[in-house]
Amino acid sequence: MGLSQYKSKRDFKQSPEPSGKKSRRGKKLKFVIQRHDASRLHYDLRLELDGVLKSWAVPKGPSMVVGDKRLAVMVEDHPIEYLNFYGEIPEGNYGAGVMDIFDSGTYKAYKAPPNVDEQTHLKSQLEKGDLKIVFDGTYIKGAFALVKIKSDEANNWLLIKKGDGFELKEFDIGSLKPKVPSGAVKKHKSKSSISSSKTKRAEDVWETHQKPMLATLTKGIVDQSGWIYELKYDGYRAVTLISNQKPEMVSRNGNSFNNQFQTLVKELSAVEDEVILDGEVVIENKAGVSEFQLLQNYSGKGKEKLLYYLFDILYLNGHSVINLPLRDRKDLLAEFLEGYSFKNIKPAPYVEGNGKEYYEQRAKEGHEGVIAKDSTSTYQPGKRSRQWLKVKATMSQEAIICGYALPQNSRKYFGSLILGVYEDGKLRHIGNAGTGFNDDSLKNLYKRFQDLITDTKPFTLKTTRYTRGKPVWLKPEMVCNVKFLSWTHDKVMRNPVFLGLRVDKPADEIGIEQTIETPANEKSSKANTMIGQEKDQILKFGSKELKLTNLHKEFWPEEHITKGELLSYYEQISSFILPYLKNRPQSLNRFPNGIKGPSFYQKDMEVSQLPKWVKTVKMYSKSNNRDIDYLIVNDLPSLLFMVNLGSIEINPWHSRYTNPDHPDYLMLDLDPGDISFKEVVNTAVVVKELCDELKMPCYCKTSGATGLHIYMPLGARYDYDQVKTFAEVLAKITQSRIPEVTTVERTVSKRGNKIYVDFLQNRKGQTIAAPYSVRPRPKATVSTPLDWDEVNHNLSPDMFTIKNAVKRFEEKGDLWQGVLKNPVNLAVVLKRIDKLK
DNA sequence: GGGGAAC
DNA sequence: GTTCCCCAACGCCCG
DNA sequence: CGGGCG
């Protein structure tokens with residue numbers, strides 16, 4: 001099997017698990033049983049064989065009682081180093097949770113034949129799925145059988161104790177203490193210089209100590225002896241508790257950084273002292289200046305080096321030291337750090353006195369500023385003290401370069417103004433004069449820019465930086481009179497806009513307005529719509545007031561179809577779609593930025609942020625073990641409200657909330673693989689023929705994507721399980737009648753290029769685009785009800801769109817009326833199926 | 001799309 | 001002030 | 001059994 005699967009599942013930058021390099025050829029074969037408190041507590045049995053650890057997940061753990069059978073699911077091979085692994089696999093990783101070594105030792109083959117290499121023998125047994133071995137561990141001793149369940153294609157094995165004298169009458173694995181509990185290894189060093197209060201446990205003070213002391217912003221530097229000066233790091237403030245070699249690193253607001261800064265946490269876990277430290281996590285550039293932007297982007301994957309500068313110590317081995325003067329804490333911190341050789345964890349350098357000089361030097365180097373601290377001050381957690389002062393560096397500049405970069409996926413903001421300084425022939429990013437930027441404010445922004453550059457006084461720059469979307473700098477010679485370069489609306493990452501330097505015309509004259517998007521009023525206007533072309537619009541339906549927003553936003557950028565047009569479509573066809581939505585909990589699939597933008601699903605509505613006239617129903621969710629407030633759309637304003645939220649497609653339940661376990665219809669989803677749509681049509685016709693034979697009405701619509709949907713009315717008489725079972729019967733008959741092009745195989749790889757007759761959609765809470773629903777697909781396709789005589793080779797899956805469907809519906813009327821009206825009796829149909837055979 | 005947390 | 005995050009939940013499959 | 005995945 002090798003270790004490739006093992007490696008592919010893990011991110012070794014995040015997980016402390018071994019990456020697997022060495023192989024071991026010891027005399028005796030080793031085993032380990034780890035107790036793994038992952039999403040569910042279970043045990044992992046690993047046997048050394050052939051240079052790797054053969055591994056099984058044993059949900060209930062082994063038993064020493066003869067004949068007890070324990071399910072053991074074979075999992076991927078693990079590296080030999082895993083024999084000694086214990087510790088915490090951080091959240092978000094494969095197998096996250098605490099892992100202890102429950103037991104370990106050696107094992108050998110049970111009654112191995114003579115003259116055969118033991119490993120060879122074991123390997124052949126393993127291949128046969130019948131392994132007989134003898135453990136020599138602390139808890140687990142004697143002969144066991146590990147046999148593969150034959151009838152089962154899965155990797156299910158059973159671990160069974162054989163009678164051999166080592167067996168026990170009773171065995172409760174839960175009551176046994178792991179041989180090596182995670183974090184059990186700890187040493188204690190004693191520190192001499194603590195003169196503080198009586199012994200306390202770190203956990204007891206952690207609550208109060210984890211809120212860092214803050215500095216007060218001041219202008220100008222206090223230059224006096226008795227004060228300590230250090231850098232104002234542009235990073236994340238982080239206070240860390242280390243206890244039992246388990247670091248807990250938290251942000252200013254008490255959020256854990258453990259996940260984010262795993263390299264640091266890993267390094268800190270070498271600390272055997274019990275300690276609380278205060279510092280700042282940064283990423284530095286070559287000049288040693290913090291790069292906040294890099295830090296914000298930090299994923300652990302890049303080559304940026306994360307550093308943790310420690311500047312204070314709050315607790316050490318039984319003593320809170322916050323009441324010691326800063327001077328002493330600094331010494332204690334240094335003394336503490338002497339005991340370790342860290343790579344990325346450093347004491348923050350500081351000077352005593354000469355603050356002014358220190359400040360000016362640091363400012364010149366490009367640092368954000370300086371913190372001045374009274375060396376006699378105590379540490380006051382959570383307090384913004386006057387004994388700590390921060391002074392930000394301000395610059396005087398020769399020239400300002402102004403660029404414009406746009407953060408990816410930004411919705412509320414289109415970007416920020418970036419400022420840089422051109423100094424000594426070098427361009428340096430200073431920061432953003434940041435502002436929200438949208439169509440309305442471009443002019444203001446430009447004015448602001450002008451004010452900025454005509455202002456002769458030095459100004460304080462903001463320090464916020466981009467998280468995404470890199471600033472692009474202009475060369476100085478390009479700067480003058482560059483007004484506008486490019487601007488696109490259809491890409492998430494827009495091209496940078498540049499505003500030139502020393503433009504002295506008023507904003508109105510530089511033609512900014514015409515650079516903004518194509519106005520929406522160019523679009524063809526619809527006859528029967530009350531939705532206009534304004535950016536925002538407030539609609540009133542009696543007492544119901546509805547605000548529609550961003551009507552000009554292009555939801556289909558290639559086709560230039562706007563959100564307003566989408567709303568207008570739904571407004572016009574509301575009488576067609578609403579019957580299919582009535583009282584059905586909605587699963588919202590929201591595309592707030594159009595079909596090319598990010599999307600998300602939403603079931604649970606925040607009732608407090610809904611207009612009070614919008615109806616919701618509470619439905620119990622098993623997986624969440626709580627009620628979910630589902631949206632109910634029974635009228636036009638509710639429909640438009642939902643669409644305004646970015647719900648391009650509409651996904652109602654198959655059942656109504658009044659009868660939630662009984663769907664009103666059965667549906668088959670004909671979903672083509674890489675196969676012509678004609679075959680989908682042929683398949684639909686086969687289904688239709690079958691339904692005719694069964695005297696069962698059925699209705700067809702385009703899915704709006706690539707396939708067809710067929711619904712059969714059932715009138716909420718049967719529950720989801722019954723309907724699903726029946727759907728499976730229909731799907732399988734269909735498949736058997738046209739086997740060359742259809743499949744009911746659930747696994748994609750086994751489907752081949754066939755039409756998947758999906759009957760599994762008949763589940764509670766399952767969502768399928770409703771009839772008349774638009775789809776978030778190219779051309780703004782619509783799921784369109786069809787006459788059966790239209791289900792022929794002139795049909796194409798994308799022929800009905802937002803542009804042409806309204807007319808069709810008005811001409812054809814609602815072709816699907818019967819879906820909610822003519823339920824069949826399943827018992828009768830089932831009898832007809834029997835006759836079919 | 002919109003609120004809240006975080007910085 | 002600006003950015004990021006969150007916003008589902010079925011049943012498979014397979015380790 | 002349970003997490004990943006679709």
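Bear in mind that the values here come from a model prediction, so they are computed numbers and not experimental data. Just so we're on the same page: letters track the sequence lines, and every chain starts at 1. Just the heavy atoms: all of them, side chains too, but no hydrogens, waters or symmetry mates, feed the values below.
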For B/dA6, does OP1 or OP2 lie under 4.0 Å from any side-chain N or O of A/Ser251?
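No, A/Ser251 has no side-chain N/O under 4.0 Å of OP1/OP2 on B/dA6.
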A/Lys553 side chain N/O closer than 4.0 Å to the phosphate oxygens (OP1, OP2) of B/dG1?
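Yes, because at least one side-chain N or O of A/Lys553 sits under 4.0 Å from OP1 or OP2 of B/dG1.
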Contact class for [X] vs. all strands (heavy atom < 4.0 Å): base, sugar-phosphate, or nothing?
X: A/Gln609; answer: sugar-phosphate
X: A/Arg237; answer: nothing
X: A/Ser55; answer: nothing
X: A/Asn589; answer: nothing
X: A/Thr767; answer: nothing
X: A/Leu588; answer: nothing
X: A/Phe257; answer: sugar-phosphate

Ring centre gap for [X] and [Y] strictly below 6.0 Å:
X: A/Phe102; Y: A/Tyr43; answer: yes
X: A/Phe555; Y: A/Phe591; answer: no
X: A/Tyr665; Y: A/His654; answer: yes

Does A/Leu47 form a side chain to side chain contact (heavy atoms under 4.5 Å, CB included) with A/Trp56? I'd like the steps, not just the answer.
CA-CA 9 Å; A/Leu47 304 177; A/Trp56 289 262; 3.7 Å; yes
Euclidean distance, atom [atom1] of residue [X] to atom [atom2] of [N] [Å, nearest integer]:
X: A/Tyr720; N: C/dC10; atom1: OH; atom2: C1'; result: 12 Å
X: A/Asp669; N: D/dG6; atom1: CG; atom2: C1'; result: 14 Å
X: A/Lys724; N: C/dC12; atom1: NZ; atom2: C1'; result: 11 Å
X: A/Leu631; N: C/dA8; atom1: CG; atom2: C1'; result: 15 Å

Go through [options] for me and flag the one nearest to the [X] side chain.
X: A/Pro59; options: C/dC12, D/dC1, C/dA8; value: D/dC1
X: A/Tyr601; options: C/dA8, B/dC7, C/dC10; value: C/dA8
X: A/Glu76; options: C/dG15, C/dA9, B/dG1; value: C/dG15
X: A/Ile628; options: C/dC10, C/dC12, C/dA9; value: C/dA9
X: A/Arg590; options: B/dG1, C/dG11, C/dG15; value: B/dG1
X: A/Val73; options: D/dC1, C/dA8, B/dC7; value: D/dC1

What integer number of Å spans the P atoms of C/dC6 and D/dG4?
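Looking at atom P only, C/dC6 and D/dG4 are 16 Å apart.
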Between D/dC5 and C/dC5, how many Å separate the two C1' atoms, rounded to a whole number?
23 Å
Kindly indicate, with the supporting measurements, whether the criterion side chain to side chain contact (heavy atoms under 4.5 Å, CB included) is fulfilled by A/Ile768 and A/Met667.
CA-CA 9 Å; A/Ile768 283 290; A/Met667 72 101 39; 3.9 Å; yes
Parsed dot-bracket for DNA chain D after applying the Watson-Crick and G-U rules with both distances under 3.5 Å and | for other-strand partners is ||||||
Can you tell me if A/Phe600 is stacked onto the base of B/dG1, using a 5.5 Å centroid cut-off and an angle below 30°?
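A stacking contact exists, since A/Phe600 sits close and nearly parallel to the base ring of B/dG1.
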Evaluation steps, salt bridge (Lys or Arg N to Asp or Glu O under 4.0 Å), between A/Asp44 and A/Arg35:
CA-CA 6 Å; A/Asp44 293 307; A/Arg35 186 174 182 274; over 6 Å; no
Shortest non-hydrogen separation from A/Arg775 to A/Trp556 and the atoms involved
O-CZ2, 3.5 Å
A/Ile371 CD1 to A/Phe311 CZ distance, which is reported to the nearest 0.5 Å
7.0 Å
